[in-house]
Asker: 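What follows is a single structure, and I will ask about it in a moment.
These numbers were taken from a predicted model, which means no experiment stands behind them.
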Amino acid sequence: MADVVTNPSAAIASWDRFRRWWVEARTSPLWIALLAFVLRVIWIVAAHTYRFKTLDENFSFGWEMGRIGRSLAQGQGFSNPFNQATGPTAWEPPLYPFLIAAVFKLFGIYTHASALVLLCINSLFSALTCVPIFLIAKRCFSDKVAIWTAWIWAVLPSVMFWCTRWVWETSLAALLLALIFWLTLDLEEREGLTPWLQFGLVWGIAALTNTSLLAFLPAAGLWAWYRRWKRGKRSLAGVMLASLLFIACIAPWTTRNYRIFGRLMFLRSNFGAELRIGNGPGADGTWQEYLHPTQNIYQMRLYRQLGETAYIDRRKREAMAFLRGDYGRFIGLCVKRFVYYWAGAPRASETPALVLVKNSVFLASSVLAFWGLGRALRKRRPGAWLFFWLILCYPAIYYAVFPHPRYRHPIEPELGILIVYVISEAERKAVV
């Protein structure tokens with residue numbers, strides 16, 4: 001260090017080395033991901049986001065997944081998703097609760113150390129998402145779009161929010177969906193069975209993480225098959241292999257659910273309850289949290305009396321009776337939920353001015369993404385229709401249930417690419 005201060009040539013040499021490194025690092029997805037991870041960890045430590053509230057018996061530390069993780073760590077099995085002992089559950093998919101349980105076993109149940117580790121793991125998932133973002137944008141648009149989108153994902157506070165404050169699978173779901181999108185694009189050109197094995201495996205992991213991601217599976221598979229068919233490539237063996245691997249991934253958990261609950265059940269059980277929370281007397285297109293068993297003493301008592309499957313069946317019947325009784329109102333609620341999903345939902349806990357600012361930014365990002373999608377389709381950019389099917393298919397379930405800003409995060413890597421693309425096109429036109 002003293003040499004640098006006293007010797008100008010040493011200082012110049014150091015600066016040149018740094019400049020050469022930066023020229024390479026700023027265009028490298030791995031370096032961008034590393035810097036993104038460092039930023040997230042710094043924020044977790046500096047803002048003390050690992051210190052969760054304890055007034056609610058630590059329920060905000062992972063919510064239902066945290067409760068299940070605690071039960072697993074205590075040797076009680078995959079059970080007890082709420083504040084009371086209620087027995088085996090399929091309320092949530094299995095992968096992330098098992099991750100929470102592993103961390104609880106090593107660092108303590110609901111400790112600051114466990115919170116710090118889990119948030120750092122989430123931050124790693126979020127940072128690694130820079131890599132498929134870069135690859136997707138480079139393939140479909142340009143190096144410039146790839147670099148800028150990856151950097152925006154790395155430094156944008158709204159992106160960092162979910163991985164630095166929520167112990168949930170949100171950031172992992174975004175990473176998996178971005179990987180799936182990239183693998184689907186890559187299937188168009190790659191030969192052999194290896195890419196199909198990767199496709200089936202990642203889809204299996206995604207299903208065990210967040211079942212909502214499966215809404216994109218048919219479109220992704222059909223798009224890959226169609227693009228390969230146009231190139232004269234055979235896909236039947238690959239499709240069968242990917243399907244078998246996907247089934248092999250989910251079969252153990254589906255078998256467990258059948259053995260525990262005595263009925264054929266997919267990876268999670270709670271759709272009927274979620275449908276009822278969004279549809280019933282007083283429904284307004286938002287999440288009616290006062291109907292959730294954790295917020296409603298009567299619903300919690302009913303859940304315990306009936307058991308999970310009977311409770312969910314009852315709530316589903318109530319929701320379906322509401323829908324059949326007034327289809328027009330249900331359609332109106334779906335329209336409202338569509339608007340809330342893309343423009344931001346009302347937030348009673350925040351001031352009107354702050355809600356207006358947040359929702360305006362949320363809406364602007366959606367408008368720019370749709371604009372970018374439209375332009376990509378008109379310009380026949382590679383993968384444009386895959387973007388279209390993702391935006392069409394993935395959010396559809398939330399129009400029928402209820403929206404939340406967190407539910408948009410898994411597709412925000414792709415939305416971000418479209419936003420940067422349309423801005424880059426506008427900039428190019430301005431320069432010309």
Asker: Using the rule given for ring-ring contact (aromatic ring centres under 6.0 Å, His included), can you reason through Tyr110 versus Phe104, listing the C-alpha separation, both sets of side-chain angles and the distance that settles it, and then say yes or no?
Answerer: CA-CA 7 Å; Tyr110 290 135; Phe104 280 176; 5.3 Å; yes
Asker: Would you confirm whether Ser71, through its side chain, and Ser79, through its main-chain N or O, come within 3.5 Å as a donor-acceptor pair?
Answerer: yes
Asker: Less than 4.0 angstrom from a charged side-chain N to a carboxylate O is my criterion; do Glu189 and Arg139 meet it?
Answerer: yes
Asker: Might you work through the side-chain hydrogen bond (donor to acceptor under 3.5 Å, both in side chains) test for Ser123 and Ser126, ending with a clear yes or no?
Answerer: CA-CA 5 Å; Ser123 296; Ser126 179; over 6 Å; no
Asker: Please check if the distance between the ring centroids of Trp389 and Tyr394 is under 6.0 Å.
Answerer: no
Asker: Would you compute the distance between atom CG of Leu222 and atom CG of Leu217 and round it to the nearest 0.5 angstrom?
Answerer: 9.0 Å
Asker: Whether the side chain of Asn80 engages the backbone of Gly87 through a donor-acceptor N/O pair (distance < 3.5 Å, no angle test) should be reported.
Answerer: yes
Asker: For the CH2 atom of Trp153 and the CD1 atom of Ile417, what is their distance to the nearest 0.5 Å?
Answerer: 9.5 Å
Asker: Determine whether the aromatic ring centres of Phe181 and Phe387 lie less than 6.0 Å apart.
Answerer: yes
Asker: I'd like to check the side chain to side chain contact (heavy atoms under 4.5 Å, CB included) partners of Thr89; sequence neighbours left out, ordered by chain and number.
Answerer: Ile68, Phe78, Pro81, Trp91, Tyr303, Glu308
Asker: Using 0.5 Å steps for rounding, measure from the OG1 atom of Thr286 to the NE2 atom of His404.
Answerer: 11.0 Å
Asker: What heavy-atom pair brings Thr129 and Ser171 nearest, and what distance separates the two atoms?
Answerer: OG1-O, 4.5 Å
Asker: Is the NZ or CZ atom of Arg228 positioned over Trp225's six-membered ring, under 6.0 angstrom from the centre and within 45° of the axis?
Answerer: no
Asker: Would you give the length of the straight line joining atom CG of Leu418 to atom CG of Leu368, rounded to the nearest 0.5 angstrom?
Answerer: 10.5 Å
Asker: Looking at Asp284 and Arg337, is there a salt bridge between them, counting it only when a charged N and a carboxylate O are closer than 4.0 Å?
Answerer: no
Asker: For atom CH2 of Trp148, is the number of surrounding heavy atoms from other residues, nucleotides or ligands below 6.0 Å larger than 12?
Answerer: no
Asker: Can you measure from CG (Asp56) to CG (Asn83) and round to the nearest 0.5 angstrom?
Answerer: 7.5 Å
Asker: Start with the C-alpha gap between Glu412 and His409, add the side-chain angles, then the distance that decides, and say whether side-chain hydrogen bond (donor to acceptor under 3.5 Å, both in side chains) holds.
Answerer: CA-CA 5 Å; Glu412 284 185 341; His409 189 73; 3.1 Å; yes
Asker: If you take the centroid of each ring, where Trp contributes its six-membered ring, are Trp385 and Phe388 closer together than 6.0 Å?
Answerer: yes
Asker: Using a cut-off of 6.0 Å, state whether more than 12 heavy atoms not belonging to Glu57 lie near its atom CD.
Answerer: no
Asker: Where the side chain of Asp186 meets the backbone of Trp182, is there a donor-acceptor pair that is under 3.5 Å apart?
Answerer: no
Asker: Once rounded to the nearest 0.5 Å, what's the spacing between atom CD of Glu414 and atom CZ of Phe216?
Answerer: 7.5 Å
Asker: Show every donor-acceptor pair shorter than 3.5 Å between a side-chain atom in residues 155-164 and any protein atom, with sequence neighbours excluded, or say none if there are none.
Answerer:
| from | atom 1 | to | atom 2 | distance (Å) |
| --- | --- | --- | --- | --- |
| Thr164 | OG1 | Met160 | O | 2.7 |
| Thr164 | OG1 | Phe161 | O | 3.4 |

Asker: Is the count of non-hydrogen atoms from other residues, nucleotides or ligands lying under 6.0 Å from Ile297 atom CD1 greater than 12?
Answerer: no
Asker: Salt bridge check, Arg67 against Glu64: does any charged N sit closer than 4.0 Å to a carboxylate O?
Answerer: no
